[in-house]
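Quick caveat: nothing in here was measured; it's all calculated off a predicted structure.
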Amino acid sequence: MTENKVTATQQAQQWLDSFEETLNSDNPAQAADLFEDGGFWRDLVTMTWNIKTMEGRGAIRDMLSATAKRTHPANWQVSEEATEQDGVIDAWVTFETVDAIGKGHLRLRNGHAWTLLTTMQELKGFPEKRKFNRAKGAEHGASKSRKSWLETLQDEQQELGYSRQPYCVIIGGGQGGIALAARLKQLDVPTIVVERSAKAGDSWRNRYKSLCLHDPIWYDHLPYLPFPDHWPVFAPKDKIGDWLEMYTKIMELNYWSSTECTAARYDEASKEWVVDVVRDGEKVTLRPQQLVLATGMSGIPNVPDIPGMDTFEGEQHHSSRHPGGEAFKGKKCVILGANNSAHDICAALWENSADVTMIQRSSTHIIKSDTLMDDVLGGLYSEQAIADGMTTEKADLTFASVPFRIMPDFHIPVYKQVAEKDADFYGRLKKAGFMLDFGDDGSGLFMKYLRRGSGYYIDVGASELVADGEIKLKSGVGIEHINPRSVTLTDGTELPADLIVYATGYGSMNGWAARIISEEVADKVGKCWGMGSDTTKDPGPWEGELRNMWKPTQQEALWFHGGNLHQSRHYSLYLALQLKARKEGIDTPVYGQESVHHLS
C-alpha cells in the first residue's frame with residue numbers, strides 16, 4: 001500500500017498546531033524549541049510592541065517568557081497553499097493576539113522553524129474605515145442639524161490645531177509624512193502634518209529638472225491608492241509631486257503647508273509636546289501627545305568644511321539645493337561625490353553642455369537599472385510579478401520576512417550573477433578609473449542602503465558617460481583647498497571651477513531632533529538608520545533592526561518615520577497602529593528596546 005505523502009501545507013499547519021498548543025501551555029517559552037537552534041523570529045509590533053528580531057532559541061525563549069501570557073497569541077492558520085523548494089517550506093499564516101489580528105510568514109526546515117515573521121495588521125475593536133467599515137457618506141433622513149461633507153471637512157480644518165488639539169503632529173510633509181497621515185486618518189487619529197513648502201509635493205518639484213524615481217513604479221505605491229497602471233515605470237519628479245498633492249486632498253489630510261516648526265519640547269507633567277510653528281506668518285502652538293519626525297531617512301545636509309570655501313568666486317551649494325544644469329552651459333563644474341545625486345547632477349550638467357568633473361573619494365556600488373529590475377526586484381515588484389499573482393502587500397511581507405542577519409546570504413549570490421552579467425559594463429567603468437564595490441561582503445544595493453543609506457548609484461545613464469569620459473573623473477582623491485576660481489585636489493591637481501556641488505550626503509535623522517528639540521534629546525535617542533553590521537559607516541554592535549525607525553525611541557512619545565516610498569508605505573502601518581493603540585489606552589509594554597550606542 002502506498003503511503004500518502006504529507007503536503008507542505010499539512011506540515012506547516014502541524015507545526016503551527018504544536019506551536020499554538022505550547023504557547024497556550026503553562027510554559028509558553030518552550031515554543032522556542034520548535035525553532036532551529038539558530039532560528040529567527042521577526043516581530044513587527046504583535047508580540048513586542050516594537051520592531052524586533054529575536055535570533056536563536058535563547059532570545060526567542062526570553063521574549064516569550066516576557067510576552068506570551070499577556071499577548072495570548074492564538075488561532076494560527078495557514079492562509080494559502082504552502083510551497084516547498086530545496087527542503088524549505090514557505091507558508092503564509094494568520095493569527096491573533098489579545099489586542100490584534102496579524103499576518104505572518106513561516107519557513108520550515110527539517111520540521112523546525114528557520115524564520116517566522118509576525119506582523120500586526122489590525123487592532124481589535126478599531127478597524128480602518130474602509131471596505132465593510134467604510135463611511136456611508138450620505139446622512140439619510142431629515143435633520144435640522146445636518147451638515148454636508150464639505151461643511152464637516154471645513155469645520156475640522158478650522159478647529160484642529162486651534163480650538164481642538166491633534167493627538168499627533170508629523171513634522172515633514174513628504175512621502176513619509178503623507179503616507180503615515182493617511183494611515184492615521186483611517187484609524188481616526190487626529191493628526192496635523194507640518195510642511196514648510198508651499199504645496200505638498202514641492203520637495204520633489206523643487207529639485208533639479210532631471211530627477212526621477214530610480215525605483216520602478218510597482219515598488220513605490222502609496223497606501224490605499226496605487227499608481228494607475230498607465231504610469232511610467234520611472235516617474236518624473238513633477239509627476240510625483242502632483243500625485244502627492246492630489247493624494248493629500250483625496251485622503252482629506254490636515255496638511256499645513258507653508259508652515260515651519262521652530263521649536264518643540266516635551267512637557268513631562270502633562271505628557272504632551274509643546275510644538276511651536278509659524279503658519280502663513282502666524283505663530284501657532286500645538287500640543288499633541290505624539291510627535292513624529294518624518295523628515296526623510298536623511299538628516300541635515302552634510303556640507304564639508306574645506307579651506308578656502310569663503311574665497312570662491314563662483315557658485316557653490318549642496319546637492320539638495322541644486323537647481324539643475326540649465327544655468328551652467330559652458331561652465332567648469334566640479335561635483336564632489338559619486339553616488340545617486342552626484343551622477344544625476346553630472347549627467348544633467350553634461351546634457352546642458354557644461355564641462356563636468358566628478359570627484360570620487362571612495363568606492364561606489366553601481367547597478368544598471370534594467371538589471372536591478374530584471375534580476376533583483378522583478379520577482380516581487382514588476383508587471384510580470386502581478387501577472388503571476390503577486391500583490392504589493394505580499395511582496396512587502398516577503399521582503400520583511402527575511403531577517404537582516406541572513407539577508408546578505410540571500411543577496412550575495414544574486415549580485416554575483418549581476419557582476420557576471422554586466423562584466424563588460426563594470427570593466428569599462430574600471431578602465432575609466434572608477435572605483436567600484438558590491439558592498440563590504442558583496443551583498444549589493446539593498447544592504448548598502450539599509451546599513452548606511454549611501455554609497456550606491458542605480459545607473460540610468462550617467463555611468464556610460466563616465467565610462468566614455470564624457471563626465472571627467474578624478475578618483476581616490478578629495479578637495480584639499482578651494483581657490484577663487486579653482487579647486488586643488490589632495491593629489492596636487494588643480495581644476496578650474498565656476499560651480500562646485502557638494503553631493504556629500506546627509507547626517508543622521510536625529511540631527512533634525514537636535515535642531516527642532518534639543519541636542520540633549522538627539523543624543524538621548526541616538527543615531528537613526530543602520531543596524532550595527534560593523535561594515536563601512538554602520539558601526540557595531542549588532543542591533544538587528546534599523547535604529548529608531550518606526551518604533552519607540554528612548555524619548556517618550558517621539559518617533560521617526562522615513563525611508564523610500566516602499567518603506568514609507570509598508571512601515572507606516574506599524575507606526576500608525578502603535579500610535580492608535582496609545583491613543584485608545586491599550587497597554588503597550590515595549591519589549592527589547594535597544595540601548596543607544598551611537599549619537600549621530
Side-chain angles (χ1 to χ4, degrees), residues 203 206-211 214 237 296 298-364 366 429 432-435 452-457 459-507 511 537:
S203 58
N206 294 337
R207 298 294 301 279
Y208 50 90
K209 186 176 74 172
S210 62
L211 178 65
H214 287 191
K237 69 179 184 71
S298 304
I300 295 167
N302 283 329
V303 179
D305 185 10
I306 302 173
M309 290 177 74
D310 57 337
T311 69
F312 188 60
E313 296 174 0
E315 183 171 344
Q316 56 182 326
H317 49 244
H318 188 266
S319 57
S320 59
R321 297 185 175 275
H322 184 65
E326 294 79 6
F328 303 102
K329 183 176 181 178
K331 302 291 186 180
K332 302 285 188 180
C333 304
V334 173
I335 313 303
L336 182 61
N339 296 333
N340 264 338
S341 293
H343 278 84
D344 282 350
I345 290 169
C346 283
L349 287 165
W350 176 87
E351 289 176 346
N352 285 276
S353 301
D355 182 320
V356 188
T357 301
M358 177 188 290
I359 308 297
Q360 184 189 26
R361 297 168 296 173
S362 57
S363 64
T364 307
I366 306 289
L429 275 175
F434 196 86
M435 299 186 299
R452 52 182 283 190
S454 65
Y456 52 84
Y457 168 58
D459 178 38
V460 292
S463 288
E464 292 292 342
L465 296 175
V466 173
D468 292 341
E470 295 294 322
I471 293 173
K472 299 173 185 176
L473 176 68
K474 292 291 292 183
S475 59
V477 298
I479 300 177
E480 185 174 87
H481 193 275
I482 296 177
N483 313 305
R485 282 291 173 180
S486 66
V487 299
T488 302
L489 305 183
T490 52
D491 66 356
T493 304
E494 185 174 353
L495 300 176
D498 302 302
L499 168 71
I500 304 172
V501 179
Y502 303 107
T504 45
Y506 301 82
K537 296 190 177 182

Measure the [atom1]-[atom2] distance between [X] and [Y] for me, rounded to the nearest 0.5 Å.
| X | Y | atom1 | atom2 | answer |
| --- | --- | --- | --- | --- |
| I345 | L211 | CD1 | CG | 9.5 Å |
| K332 | D355 | NZ | CG | 4.0 Å |
| T364 | N340 | OG1 | CG | 10.0 Å |
| E315 | C333 | CD | SG | 9.5 Å |
| R207 | R321 | CZ | CZ | 11.0 Å |

Is there a side-chain contact between [X] and [Y] in this structure, where contact means two heavy atoms from C-beta onward sitting under 4.5 Å apart?
| X | Y | answer |
| --- | --- | --- |
| Y502 | N302 | no |
| I359 | L495 | yes |
| I479 | L489 | yes |
| H214 | Y456 | no |

- Begin from the C-alpha positions of T488 and T493 and carry the test side-chain contact (heavy atoms from CB on, under 4.5 Å) through to its verdict. CA-CA 6 Å; T488 302; T493 304; over 6 Å; no
Where is the tightest heavy-atom contact between [X] and [Y], given as atom of each residue plus distance?
| X | Y | answer |
| --- | --- | --- |
| C346 | M358 | SG-CE, 3.9 Å |
| V477 | R361 | O-CG, 3.2 Å |
| Y506 | S320 | OH-CB, 3.3 Å |
| G455 | N339 | N-ND2, 3.2 Å |
| I306 | E480 | CG2-O, 4.0 Å |
| S463 | I366 | OG-CG2, 3.5 Å |

Do any N or O atoms from the side chain of [X] and from the backbone of [Y] form a donor-acceptor pair under 3.5 angstrom?
| X | Y | answer |
| --- | --- | --- |
| S341 | A503 | no |
| S363 | M435 | no |
| N352 | K329 | no |
| Q360 | L473 | no |
| T311 | G308 | yes |
| E470 | W350 | no |

- Message: Using side-chain contact (heavy atoms from CB on, under 4.5 Å), reason through L499 and L349 one step at a time and then give a plain yes or no.
- Response: CA-CA 11 Å; L499 168 71; L349 287 165; 4.2 Å; yes
- Has K237 got more than 12 heavy atoms of other residues, nucleotides or ligands less than 6.0 Å from its NZ? yes
- Look at atom CZ of R485 and say whether more than 12 heavy atoms of other residues, nucleotides or ligands are closer to it than 6.0 Å. yes
- Query: Can V334 and L336 be said to form a side-chain contact (heavy atoms from CB on, under 4.5 Å), step by step?
  - Reply: CA-CA 6 Å; V334 173; L336 182 61; 5.6 Å; no
- side-chain contact (heavy atoms from CB on, under 4.5 Å) evaluation trace for V501 with H317: CA-CA 5 Å; V501 179; H317 49 244; 3.7 Å; yes
- Message: Checking F434 now: which residues fulfil ring-ring contact (aromatic ring centres under 6.0 Å, His included) with it, not counting sequence neighbours?
- Response: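 F434 satisfies ring-ring contact (aromatic ring centres under 6.0 Å, His included) with H343 only.
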- Query: Can you say whether the rings of H322 and F328 are parallel (under 30°), tilted (30 to 60°) or perpendicular (over 60°)?
  - Reply: parallel
